[in-house]
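First the structure, in the form of structure tokens, and then the observations on it.
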Amino acid sequence: MKLYVIRHGQTSWNVEGRIQGQVDIDLNENGVELARRTASGIKDLPIDLIITSPFARAKNTALLATAGRDIPIIEDVRLAEMAFGEWEGQYNDNRDHVLCDDFLKTLREDIFSLNPPGGENVRDVIRRTGDFLKELGEDPSLADSNIMISSHGIASRALLYNFNEDQNSRNFWITSVPPNCSITTVDYTNGKGKILEFDKLYAHLDTTEKDAWSRS
């Protein structure tokens, strides 16, 4: 089984530096254009099935990136972004003094210590994406399939973290939050995942974000 793990395109809240979490923010114009350009870049990638987070920014990224191709699409809530509870909608530079101290530093360096009130922690996201992967891997009808997984910055890294043998907080981001519309290709066989291509951008567009952790 081959997995193409794509992060959604840009949104207005990415640009503003606001925490989206499970607020259903759709793509902005740049996000739409980036997904469309990605479609041209991946037109020769074989994709048999799309499984997406239910949020519009992820689902529409997948639809735009595979436009003109008759590919079945399934929504799975386990691919949703981490729920940030009371912190959702807040500016990630903590200008309103609502978030924990040094939020961005903690997000970059010790994400496992974040416990947003009324939300999830990252272990919850690793657990649910791990359940998703286990179910996927146990389906014999999908063993030889090429599957696009459309998700979010934290959720997609949490999914990949399930393949990491050295599981500590320093390894969570691998490098940083994945760029918008970047694709990580994974060979997933017998419950083991091997990264073949990491955060590949098939389209290039100025989509600079103000979410500072993406620049770490």
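All values below come from the heavy atoms of this structure, side chains included, with hydrogens, waters and symmetry mates left out.
One distance of note links CZ of Arg69 with NZ of Lys43; it measures 10.0 Å at 0.5 Å rounding. Considering CD1 of Ile25 and OG1 of Thr11, their distance stands at 6.5 Å, rounded to 0.5 Å. With rounding to the nearest 0.5 angstrom, the CD1 atom of Ile183 is 11.5 Å from the CD1 atom of Ile149. Interatomic distance, CZ of Arg128 versus CG of Asn162, reported as 11.5 Å (0.5 Å rounding). Rounding to the nearest 0.5 Å places CG of Leu49 at 7.0 Å from OG of Ser145. Here the straight-line distance linking atom CD of Glu88 with atom CE of Met82 works out to 9.5 Å at 0.5 Å rounding.
The hydrophobic clustering, which links ILVMFWY residues whose side-chain heavy atoms are closer than 4.5 Å, places Ile6 and Leu64 apart. Note: the hydrophobic cluster containing Leu142 also contains Val5 (ILVMFWY, side chain heavy atoms under 4.5 Å, direct or indirect links). The hydrophobic cluster containing Val23 does not contain Leu114, counting ILVMFWY residues as joined when their side-chain heavy atoms lie under 4.5 angstrom apart, directly or transitively. Hydrophobic clustering, with ILVMFWY side chains joined whenever heavy atoms are under 4.5 angstrom apart, keeps Ile42 apart from Leu27. Hydrophobic cluster membership is shared by Ile74 and Phe132, with clusters built from Ile, Leu, Val, Met, Phe, Trp and Tyr side chains linked at under 4.5 angstrom.
Taking both residues in full, the closest heavy atoms of Val125 and Ala158 are given as CG1-CB, 3.7 Å, listed atom of the first, atom of the second, then distance. Between Asn28 and Ser12, the shortest heavy-atom contact is ND2-N, 3.7 Å. Considering every non-hydrogen atom in both Ala62 and Ile50, the closest pair reads CB-CG2, 3.7 Å. Considering all non-hydrogen atoms of both residues, Leu104 and Asp93 come closest at CD1-CA, 4.4 Å. Here the closest heavy-atom approach between residue His152 and residue Ala58 is recorded as NE2-CB, 3.9 Å. Residue Ile154 comes nearest to Phe172 through the heavy atom pair O-CZ, 3.7 Å, listed as atom of the first residue, atom of the second, then distance.
Contact of the Arg57 side chain with the Asn60 side chain is not registered, since no non-hydrogen atoms from C-beta on lie closer than 4.5 Å. Two residues are said to be in side-chain contact when any heavy atoms from C-beta on lie closer than 4.5 Å; Leu159 and Leu79 meet this criterion. Contact annotation: the side chain of Lys2 approaches that of Thr185 to within less than 4.5 Å [non-hydrogen atoms, C-beta and beyond].
In this structure, Asn180 contributes its side chain and His8 its backbone to a donor-acceptor pair below 3.5 Å. Without hydrogens or angle criteria, Arg37 side chain to Ala203 main chain gives no donor-acceptor distance under 3.5 Å. The backbone N or O of Val98 sits less than 3.5 Å from a side-chain atom of Asn94, completing a donor-acceptor pair. A donor-acceptor contact shorter than 3.5 Å links the side chain of Gln22 to the backbone of Glu81. Side-chain N or O atoms of Gln20 include none that pairs as donor or acceptor with a backbone N or O of Asn14 at under 3.5 Å. Remark: the backbone N or O of Asn92 is not paired with any side-chain donor or acceptor of Trp87 at under 3.5 angstrom. Side chain of Ser151 to backbone of Ser53: no donor-acceptor contact under 3.5 angstrom is found. The main-chain N or O of Ala56 is found under 3.5 Å from a side-chain atom of Asp24 such that the two form a donor-acceptor pair. Side-chain N or O atoms of Asp48 include none that pairs as donor or acceptor with a backbone N or O of Ile147 at under 3.5 Å. In terms of modelled atom types and a separation under 3.5 Å, the side chain of Asn164 and the main chain of Leu160 share no donor-acceptor contact.
Note on ring orientation: taking the six-membered ring where Trp is involved, the planes of Phe103 and Phe84 are perpendicular (angle over 60°, cut-offs 30° and 60°).
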**OP:** Kindly indicate, with the supporting measurements, whether the criterion side chain to side chain contact (heavy atoms under 4.5 Å, CB included) is fulfilled by Ile73 and Lys59.
**Re:** CA-CA 9 Å; Ile73 183 167; Lys59 184 175 181 179; 4.2 Å; yes
**OP:** Begin with the C-alpha distance, continue with both residues' side-chain angles, and end with the deciding distance and a verdict on side chain to side chain contact (heavy atoms under 4.5 Å, CB included) for Leu3 and Leu136.
**Re:** CA-CA 11 Å; Leu3 309 179; Leu136 204 65; 3.9 Å; yes
Original post:
Could you go step by step and tell me if Leu133 and Phe163 meet the side chain to side chain contact (heavy atoms under 4.5 Å, CB included) rule?
Top reply: CA-CA 10 Å; Leu133 285 169; Phe163 300 137; 3.7 Å; yes
**OP:** Take Leu107 and Trp173, measure what side chain to side chain contact (heavy atoms under 4.5 Å, CB included) needs, and give me the verdict at the end.
**Re:** CA-CA 10 Å; Leu107 193 74; Trp173 287 114; 4.2 Å; yes
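A donor atom on one side chain and an acceptor atom on the other are found under 3.5 Å apart for Thr184 and Asp199.
The residues Glu135 and Arg78 are annotated as salt-bridged, a charged nitrogen and a carboxylate oxygen being separated by less than 4.0 angstrom. A salt bridge links Arg127 with Asp124: the distance from a Lys NZ or Arg NE/NH1/NH2 to an Asp or Glu carboxylate oxygen falls below 4.0 Å.
A cation-pi geometry, defined here as NZ or CZ lying under 6.0 Å from the six-membered ring centre and within 45° of its normal, holds between Arg18 and Trp13.
Heavy-atom neighbours of Asp139 CG from other residues, nucleotides or ligands within 6.0 Å: above the threshold of 12.
Residues Tyr202 and Tyr4 keep their aromatic ring centres 6.0 Å or farther apart.
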